[in-house]
Amino acid sequence: MQEYREEVKRKIVDAAFSHFIEKGYHGTTMGEIARSLGVTKPALYQYFPGKEELYTAVAERARAEFKGI
């Protein structure tokens, strides 16, 4: 179950990263991210309490990837 949850979180962060790059923080909505994943907004909120927390996860992941370069 934990592996599944982590995989879903990774997919959400991947989708959010693309949206934030394309439209920026303020131009991106949780609804857009949910639609791109084929899920509902409440499903996203089960993993991230809000857009700010999701953006933080995206930024932390990007930082970790750049650190490895």
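Hydrogens, waters and symmetry mates are skipped; everything else that's a heavy atom, side chains included, is used.
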* Candidates Arg61, Arg63, Lys67 - the one meeting salt bridge (charged side-chain N to carboxylate O under 4.0 Å, His left out) with Glu65 -> Arg61
* Asked: Could Arg5 and Tyr47 be counted as a cation-pi pair, given that NZ or CZ must be under 6.0 Å from the ring centre and within 45° of the axis?
  -> yes
* More than 12 foreign heavy atoms under 6.0 Å from CD of Glu7: is that the case here? -> yes
* Please assess Phe20 against His26 for the test side chain to side chain contact (heavy atoms under 4.5 Å, CB included), listing each intermediate value before the final yes or no. => CA-CA 8 Å; Phe20 289 137; His26 294 292; over 6 Å; no
* Asked: Do Glu60 side-chain atoms and Ala57 backbone N/O form a donor-acceptor pair below 3.5 Å?
  -> no
* State whether Phe48 and Lys9 meet the cation-pi test: NZ (Lys) or CZ (Arg) under 6.0 Å from the six-membered ring centroid, and within 45° of the perpendicular axis. => yes
* Ile12, Tyr4: one ILVMFWY side-chain cluster at the under-4.5 Å cut-off? -> yes
* Structure fact -> Rounded to the nearest 0.5 angstrom, the OH-NZ distance for Tyr25 and Lys51 is 5.0 Å
* Find the distance between CG (Leu37) and CD (Glu32) and round it off to the nearest 0.5 Å. => 12.0 Å
* **Any donor-acceptor N/O pair, Thr28 side chain to His19 backbone, under 3.5 Å** => yes
* Structure fact -> Residues Ala62 and Phe17: closest non-hydrogen pair is CB-CE1, 4.3 Å
* Leu54 side chain reached by Met30 side chain, heavy atoms, under 4.5 Å -> yes
